[in-house]
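Below, all heavy atoms of this structure are taken into account, side chains as well, without hydrogens, waters or symmetry copies.
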Amino acid sequence: MMKTDNEVRTQGIQLLFRHLGEVDAERFISLINRERFDYTRWRRNQWEGETVASLAAKARKMREQEQKSH
């Protein structure tokens, strides 16, 4: 089932606050609103130089760190 725009926006804000903290999430939102942000270009360059294996290794490491913190 596809989420509504409002649901995606709400979930995105919640994730920002959870992972960045209140101050950095607000700062991130401010930076995005202030800049001419080209999402397509950002996505195209986001994983530049990464391989599936390197991304999988980073994901495993993050998951392990998350499990240790709980």
Practice prompt. Without swapping roles, check the side chain of Thr10 against the backbone of Asn6 for a donor-acceptor pair under 3.5 Å.
Written response: yes

Discussion item. Are more than 12 heavy atoms, taken from residues, nucleotides or ligands other than Arg43, located less than 6.0 Å from that residue's CZ atom?
Written reply: yes

Fill in: Residues, nucleotides or ligands: over 12 heavy atoms within 6.0 Å of Asp38 CG
yes

Report the distance from atom [atom1] of [X] to atom [atom2] of [Y], rounding to the nearest 0.5 Å.
X     : Y     : atom1 : atom2 : value
Gln46 : Leu55 : CD    : CG    : 9.0 Å
Leu16 : Gln14 : CG    : CD    : 10.5 Å
Arg63 : Glu66 : CZ    : CD    : 11.0 Å

Worksheet item: Taking C-beta and beyond as the side chain, do Thr4 and Glu7 meet within less than 4.5 Å on heavy atoms?
Response: yes

Worksheet item: Is there a side-chain contact between Asp24 and Phe28, using heavy atoms and a 4.5 Å cut-off?
Response: no

[X] and [Y]: same hydrophobic cluster, using ILVMFWY side-chain contacts below 4.5 Å?
X     : Y     : result
Leu31 : Tyr39 : no
Val23 : Leu15 : no
Ile32 : Trp42 : yes

Worksheet item: Closest approach of Ala25 and Leu20, non-hydrogen atoms and distance?
Response: N-CB, 3.8 Å

